[in-house]
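Note that this is a predicted model, so its numbers are computed, not measured. Below, all heavy atoms of this structure are taken into account, side chains as well, without hydrogens, waters or symmetry copies.
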Amino acid sequence: MPVSILAIETSCDETAAAVVEDGRTIRSNVVASQAEMHARYGGIFPEAASRQHIRTIDAVVREAISQAGTSLDRIDALAVTRGPGLPGSLVVGINYAKGLSLSTGLPLIAVNHLEGHVFSPWVGSPEREPVFPVVALIVSGGHTELVLMDGPLRYTRLGGTLDDAAGEAFDKVARLLGLGFPGGPAIQKAAEAGDPAAFDFPRARLEGSHDFSFSGLKTAVLRAVEALRDRSGTLPVSDLAASFQEAVVDILVKKTLSAAETVAARSVFVVGGVSANRPLRERFMAHSSLPVFIPPFALCTDNAAMIGGAAYPHFRGRRFASLDFDARPNWPLN
């Protein structure tokens, strides 16, 4: 019989629930986005996010169960994101999952949010099977990390950002250019009409390491904007967006493929919200000699299906959580 896991994800500003079978088949995947609400603030407002989770979580979970055509008595386990993420948001999902576990007797699995992203290609493309070892680029709003996987649930951190994550850089540059929030989609749309070679923005190579740095790039865009405003008062927004995006894509692809070569990886994963960027996806597909696994667009941003996928090997290993665990807002992937 297939193993059905009801997964809950509230690490940031998306209230999500999903039913996933055997870690690969999505029976439902419901996401209540708060993007429109937070756009008014130009970024995530943590207290507003946690309050909105409280308002919507019960309806989202019920809808996920309904869409899956199942019921709680046919669910085998519960899974919830424990961290990393916003403390208040994480607590909402964790407490709801604990209550559900107490009332139903179902075992509860605490999942690392980054591990969820790593498993998103498996859930999104169940017909494809990666070959280990895998180098995974986790590139989302608050994270830019390179991880070596030599098997499910076995991770070694190769490197990460020393300052801003790529997603944070997208948000900050989009705000600088007056493009709104979230920054990734706004930059991509503006860049479509721009010249990626119009500005020669720097790439932090950080030779000899697998680390990233985006603070210098962000500062270079700021200085270019200030100089252009002083000279003409107008900004070539599309060219600035395209040139910035080109610099981010260039360094992400080159550093990832270099790391994969160094550790003799046999597959590459590109996951997280920024993996929805079309130029980034196209560049990886065009330049990698290894199979590249990128989740479908719906599974790039935060969702519960990826949490259900990551929970399955924990279920197989009987790695259940006691109900006295707390949120871990800075939980590393290890």
Rounded distance [0.5 Å steps], CD in E63 versus OG in S66: 5.0 Å

Residue that, paired with L6, satisfies side-chain contact (heavy atoms from CB on, under 4.5 Å) out of V20, L100, V80: L100

Closest non-hydrogen atom pair, M306 against G116: CB-O, 3.1 Å

Partner of F244 under ring pair (Phe, Tyr, Trp, His ring centres under 6.0 Å), chosen from F214, F170, F201: F170

Shortest non-hydrogen contact from S213 toward D163: OG-OD2, 2.6 Å

Donor on one side chain, acceptor on other, D13 and H53, under 3.5 Å: no

Separation between CZ of F284 and CZ of F293, rounded to the nearest 0.5 Å: 14.0 Å

E9 versus S11, side-chain donor and acceptor atoms under 3.5 Å: yes

Pair N277-Q245, side-chain donor/acceptor within less than 3.5 Å: yes

Step-by-step salt bridge (Lys or Arg N to Asp or Glu O under 4.0 Å) determination, R278 to E192: CA-CA 11 Å; R278 290 185 186 276; E192 290 172 359; over 6 Å; no

Heavy atoms from other residues, nucleotides or ligands near CZ of R154 exceed 12 (cutoff 6.0 Å): yes

Check: H143/E168 side-chain N/O donor and acceptor closer than 3.5 Å: no

Ring-face cation of R318 near F320 (centre distance under 6.0 Å, axis angle within 45°): no

Distance (rounded to the nearest 0.5 Å) between E21 CD and D76 CG: 9.0 Å

Exceeds 12 heavy-atom contacts within 6.0 angstrom, atom CZ of R157: yes

R205, CZ: over 12 other non-hydrogen atoms inside 6.0 angstrom: yes

Check: S215/D164 side-chain N/O donor and acceptor closer than 3.5 Å: no

S50 (side chain) donor-acceptor with S89 (main chain) under 3.5 angstrom: no

Enclosure of D230 CG (heavy-atom neighbours >12, cutoff 6.0 Å): yes

For the student: nearest non-hydrogen atoms of K255 and L146, plus distance: O-CD1, 4.0 Å

Stepwise salt bridge (Lys or Arg N to Asp or Glu O under 4.0 Å) test for R231 and E226: CA-CA 9 Å; R231 282 202 305 267; E226 291 174 340; over 6 Å; no

Side chain to side chain donor-acceptor pair (under 3.5 Å) partner of Y96, chosen from D58, T15, T10: D58

Pi-cation contact, F212 with R203 (under 6.0 Å, within 45°): no

